[in-house]
There are 2 protein chains.
Amino acid sequence: MSRSGADLALLLLGGFRALVDDAIVELTKRGYEDVRPVHDFTMRAIAAGADNASELGRRLSVSKQAAAKTVAVLEERGYVAREPDPLDVRRKRLEVTALGFEVMRAGEAVFDELRDKWKQKIGTKELERLEADLTALVGPSPVRVDAPGWLAPPSTRRPTG
Amino acid sequence: MSRSGADLALLLLGGFRALVDDAIVELTKRGYEDVRPVHDFTMRAIAAGADNASELGRRLSVSKQAAAKTVAVLEERGYVAREPDPLDVRRKRLEVTALGFEVMRAGEAVFDELRDKWKQKIGTKELERLEADLTALVGPSPVRVDAPGWLAPPSTRRPTG
DNA sequence: TTATGTGGACAACTAGGTTGACGATTGCAG
DNA sequence: CTGCAATCGTCAACCTAGTTGTCCACATAA
């Protein structure tokens, strides 16, 4: 039963969703509500040196306005702080807070645990093989997360009628 | 170098995006502009018996209004026809047109070709193994495509500054 | 015949993006 | 030192693809 290409695509999407949805749920259980990959990526970019909204936008391939909006929610949650830059009054310097780093660590941990579960299902060898294959196919790093308010809690987005 | 769980998720997303983005581009080349997975899924649901907007919404787990909007664009493109239902004046019966089926076939073909390319990259055995593993992990059918205006032409959505 | 339910449409709203414009400030050329 | 161009952050308007709520016309079952 040689599968179709469309099935393959769906399979990949399904795998991704399974991981991300589970991760969001698990993070909520641990007290970090509604943390989505977008948030993680954003904090990571800030930690990696994107210390103002414009620069952040550039790194995430998103407009500075959109970046500012995301920063606003992260600031509200206490994950990111914004202080005036002493060297340039125009800028507001961005910083990931201790709480922010805590969330990032928790996120990593959750994903690693999920990966372990997969390892138990199909075996270490097999999982590593799968990763190697995918790496060969899509390259080691790529991934612009791109569009995605997506990557949101799916359970809350179900129509009522 | 045991990879992290987050990398695994990114890898899966990357694979999916690679296939879908390539497919959209390829379909455009063949004269079917801006055909997205959403459109394909919708037509498939209609062909499978969801012959009115409300029912379609239910099958796609989306509000009937949202379903109606999607139908509107498919109708405009001539992929789907809407005729009054003789048995129930309230209903407008949905039907996939010949052109609509043509698009679906083209889509399948493109995905199959992309899968062939992958097969050439890592080998038939290896690809089938990857599919088997993923199937074991996420189940054979799942996938609610869910959120997605996503699955849109990424190249057109890049900020200008 | 009447109560209840369903289909489709319209309106208002949300989320997360996009452009465009603008004032304040910085930095560089002259 | 002056002045022009670029940059930062913010505001406002808009887009897309969803959502809910409301409504009328019609169907159906009691």
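Residue numbers begin at 1 in each chain, while the letters A, B, ... track the order of the sequences.
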* To do: Check whether more than 12 heavy atoms from other residues, nucleotides or ligands sit under 6.0 Å from atom CD of A:Glu76, and answer yes or no.
  => no
* Measure from the side chain of A:Lys92, starting at C-beta and using heavy atoms only, and say which of C:dT18, D:dT10, D:dT19 lies closest. => D:dT10
* Asked: For nucleotides 2-7 of chain D, read 5' to 3', which letter fits each nucleotide if B means a protein heavy atom sits under 4.0 Å from the base, S means only the sugar-phosphate is that close, and - means neither?
  -> ----BB
* To do: Take the protein atom CG of B:Leu87 and the nucleotide atom P of C:dT6, then report the distance between them rounded to whole Å.
  => 18 Å
* **Sugar-phosphate only, base, or nothing, as touched by A:Arg93 at under 4.0 Å among non-hydrogen atoms** => nothing
* To do: Please report, rounded to the nearest Å, how far the C1' atom of D:dG9 is from the CG atom of A:Asp85.
  => 13 Å
* Structure fact -> The residue, B:Ala66 or A:Asp51, whose nearest nucleotide of DNA chain D is more 5′ is A:Asp51
* To do: Can you measure from CG (A:Leu12) to CD (B:Glu131) and round to the nearest 0.5 angstrom?
  => 8.5 Å
* **Atom CD of B:Glu113 with >12 non-hydrogen neighbours under 6.0 angstrom** => yes
* Return the value, rounded to whole Å, for the distance between atom CD of B:Gln65 and atom P of C:dC13. => 16 Å
* For atom CG of A:Leu56 and atom C1' of C:dG17, their distance in whole Å -> 14 Å
* Structure fact -> From CD of B:Glu55 across to P of C:dG5 the rounded distance in Å is 19 Å
* Stepwise, does the side-chain contact (heavy atoms from CB on, under 4.5 Å) test hold for A:Arg77 with A:Asp34? -> CA-CA 10 Å; A:Arg77 296 184 189 181; A:Asp34 192 29; 3.3 Å; yes
* Asked: What stems involve DNA chain C, if each pair must be Watson-Crick or G-U and both of its distances must be under 3.5 Å, with 3 or more such pairs in a row?
  -> C:1-30 with D:1-30
* Salt-bridge test for B:Glu108 and B:Arg44: reply yes if a basic N is under 4.0 Å from a carboxylate O, no otherwise. => yes
* Asked: Which is true for B:Ala53 with a 4.0 Å heavy-atom rule: it touches a base, it touches only sugar-phosphate, or it touches nothing?
  -> sugar-phosphate
* Whole Å only: how far is the NZ atom of A:Lys64 from the C1' atom of C:dA21? -> 10 Å
* Could you give the CG-to-P distance, from B:Asn52 to C:dA9, as a whole number of Å? -> 11 Å
* Taking only side-chain nitrogens and oxygens of A:Arg82, does any of them come within less than 4.0 Å of OP1 or OP2 of D:dT10? -> yes
* Does B:Ser63 have a side-chain nitrogen or oxygen under 4.0 Å from the phosphate oxygens OP1 or OP2 of D:dG18? -> no
* Asked: Going only through I, L, V, M, F, W and Y residues with side-chain contacts under 4.5 Å, is there a path from A:Val110 to A:Phe101?
  -> yes
Using residues 45-53 of chain A as the side-chain source, report each donor-acceptor pair under 3.5 Å to any protein atom, sequence neighbours left out, with the distance given to one decimal.
unit_1  : atom_1 : unit_2  : atom_2 : d
A:Asn52 : OD1    : A:Ser54 : N      : 3.1
A:Asn52 : OD1    : A:Glu55 : N      : 2.9

* To do: Just compare D:dT20, C:dG8, C:dT18 and give me whichever is closest to any side-chain atom of A:Lys69.
  => C:dT18
* Where do A:Arg30 and A:Ala109 come nearest, in terms of heavy atoms and distance? -> NH1-CB, 4.5 Å
* **Nearest-angstrom distance from the residue atom CG of B:Asp88 to P of C:dT6** => 12 Å
* To do: Could you tell me whether the side chain of B:Thr70 and the main chain of B:Ala66 form a donor-acceptor pair under 3.5 Å?
  => yes
* **Residues A:Glu102 and A:Tyr79: side-chain donor-acceptor under 3.5 angstrom** => no
